[in-house]
Colleague: 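Sharing a structure here in structure tokens format.
Since the model is a prediction, treat every value here as computed from it, not as a measurement.
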Amino acid sequence: MEEKKPILSLRDIMKVFPGVVALDKVSIDFYPGEVHALIGENGAGKSTFIKTITGAHAPDGGTITVDGQTYKAMTPALARQHGIECIYQEFNLIDVLSAAENICYGEKLGPLVNQKKMNQIAQAVFDDFGVDIDPSTLVRDLTPGRMQIVEIAKAVSKKVRVLILDEPTRGIDVGAKYEIYCIIADLAKQGKSIIMISSEMSEIIGMSNRVMVMCDG
């Protein structure tokens, strides 16, 4: 049986802010088809860690290897090029636009705004998720759970391979949580690597293949 190779590897990652060592030689591998839970107290370094992966922070030491290519630091553009997407706790959606417009925001679908094409792209993702969301619905008219699903759909439409979810079900009703759990499990089955920050132990135990605990970086 062929040994599974990591899609993303971090080695001896350091990040120092004035007076604070935020990341202290962190090393870990993330594999395709797995849900990796990331837990720890506030200030443990979780946010700095994921921002290092996405290129929002440049590390002060160590290396990041994606698909066999090694970098001293990522950039947002480079992370996206490798299919790395992050969904933070605060929604990054434009509430006066539709679900479809948010999913396709920034994508060039022709010389003119192609509403029909955007709706088709969004509908295809929602169908894959098995959720009943009208692509033309304005985001401001969606529940928080459905907004989170639109965020995940936006990442999936960009051919995500490593999906980072920061507290994906906080403040969301039980029914929507179940939908999100099913989506996460299905994405892992498709070979995506899921990194999930969560403070809910039932979620961590029920969803994750591996758990990484951070403490003082």
Side-chain angles (χ1 to χ4, degrees), residues 7-8 30 32-40 42 45-57 66 74-95 97-107 121-122 124-126 128-131 133 135 137 139-140 142-173 175-200 203-204 206-209 212 214:
I7 190 171
L8 172 66
F30 295 103
E34 289 188 355
V35 179
H36 313 261
L38 177 59
I39 64 175
N42 288 339
K46 302 186 300 296
S47 294
T48 302
F49 179 71
I50 63 174
K51 287 179 179 178
T52 300
I53 295 173
T54 61
H57 287 328
V66 193
M74 298 296 287
T75 65
L78 188 58
R80 183 153 289 173
Q81 178 183 318
H82 281 289
I84 300 171
E85 296 284 345
C86 181
I87 299 173
Y88 295 99
Q89 287 187 50
E90 299 79 19
F91 292 131
N92 187 29
L93 299 172
I94 303 172
D95 63 0
L97 297 182
S98 70
E101 288 167 333
N102 272 276
I103 289 169
C104 298
Y105 191 81
E107 298 296 316
I121 291 171
V125 179
F126 293 149
D128 284 343
F129 286 177
V131 296
I133 299 177
T137 303
V139 161
R140 67 187 179 196
L142 295 172
T143 64
R146 290 303 171 93
M147 289 182 186
Q148 185 69 282
I149 291 172
V150 171
E151 284 275 27
I152 298 173
K154 184 166 65 171
V156 169
S157 73
K158 293 177 172 56
K159 310 301 181 187
V160 68
R161 298 174 65 230
V162 177
L163 178 61
I164 304 168
L165 300 163
D166 189 0
E167 297 285 359
T169 63
R170 176 171 288 180
I172 290 174
D173 64 88
K177 279 186 179 182
Y178 178 74
E179 287 183 323
I180 291 168
Y181 294 155
C182 290
I183 291 168
I184 291 172
D186 189 55
L187 290 174
K189 286 179 183 177
Q190 293 174 26
K192 318 292 186 189
S193 183
I194 311 295
I195 304 171
M196 181 177 69
I197 296 176
S198 178
S199 54
E200 294 193 33
E203 188 169 274
I204 293 162
M207 290 298 301
S208 58
N209 301 103
M212 171 181 169
M214 294 196 75

Colleague: Mind checking whether Ile195 and Phe30 have side chains closer than 4.5 Å, heavy atoms only?
Modeller: yes
Colleague: Do Val160 and Ile152 come within less than 4.5 Å of each other through their side chains, counting heavy atoms only?
Modeller: no
Colleague: Can you tell me how far CE of Met212 sits from NE2 of His36, rounded to the nearest 0.5 angstrom?
Modeller: 11.0 Å
Colleague: Hey, does Leu187 have a side-chain heavy atom less than 4.5 Å from the side chain of Gln190?
Modeller: yes
Colleague: Can you see which heavy atom on Ala155 is nearest to which on Leu163, and at what distance?
Modeller: CB-CD1, 3.8 Å
Colleague: Quick one: are Lys154 and Asn92 in side-chain contact, heavy atoms under 4.5 Å?
Modeller: yes
Colleague: When you measure from the side chain of Asn102 to the backbone of Ile94, do you find a donor-acceptor pair of N or O atoms at a distance under 3.5 Å?
Modeller: yes
Colleague: Taking the side chain as C-beta and beyond, is there a heavy-atom pair between Leu97 and Val139 under 4.5 Å?
Modeller: no
Colleague: Do Phe91 and Val150 touch side chain to side chain, with heavy atoms closer than 4.5 Å?
Modeller: no
Colleague: Just by distance, no angles: are the side chains of Glu151 and Tyr88 close enough, under 3.5 Å, to form a donor-acceptor pair?
Modeller: no
Colleague: Measuring from Leu93:CG to Glu101:CD, what's the distance to the nearest 0.5 Å?
Modeller: 12.0 Å
Colleague: Look up atom CD in Glu167 and atom CE in Met196, then write down how far apart they are to the nearest 0.5 Å.
Modeller: 9.0 Å
Colleague: On a heavy-atom basis, which atom in Ser199 and which in Arg170 lie closest, and how many Å separate them?
Modeller: OG-NH2, 3.2 Å
Colleague: Can you check salt bridge (charged side-chain N to carboxylate O under 4.0 Å, His left out) on Arg146 and Glu179, steps first, answer last?
Modeller: CA-CA 9 Å; Arg146 290 303 171 93; Glu179 287 183 323; 3.2 Å; yes
Colleague: Would you compute the distance between atom CD1 of Ile53 and atom NE2 of His82 and round it to the nearest 0.5 angstrom?
Modeller: 13.5 Å
Colleague: Does Gly40 offer a backbone N or O that forms a donor-acceptor pair with the side chain of Lys46 under 3.5 Å?
Modeller: yes
Colleague: If I compare all heavy atoms of Ala185 with all of Met207, which pair ends up nearest, and what's the gap?
Modeller: N-CE, 4.0 Å
Colleague: Using the rule side-chain hydrogen bond (donor to acceptor under 3.5 Å, both in side chains), only one of Glu203, Gln148, Glu200 pairs with Lys177; which is it?
Modeller: Glu200
Colleague: Does any part of the side chain of Leu38, heavy atoms only, come nearer than 4.5 Å to the side chain of Ile50, both counted from C-beta?
Modeller: yes
Colleague: Are the side chains of Phe129 and Ile180 in touch, meaning some heavy atoms are under 4.5 Å apart?
Modeller: no
Colleague: Which heavy-atom pair separates Ile103 from Ala122 by the least distance, and what is that distance?
Modeller: CD1-CB, 3.8 Å
Colleague: How close do Pro144 and Gly171 get, counting heavy atoms only, and between which atoms?
Modeller: CB-O, 4.4 Å
Colleague: First locate atom CE of Met147, then atom CZ of Arg140, and finally report the distance between them rounded to the nearest 0.5 Å.
Modeller: 10.5 Å
Colleague: Restricting to non-hydrogen atoms, name the atom on Ser198 and the atom on Ile39 that form the minimum distance, rounded to 0.1 Å.
Modeller: O-CG2, 3.4 Å
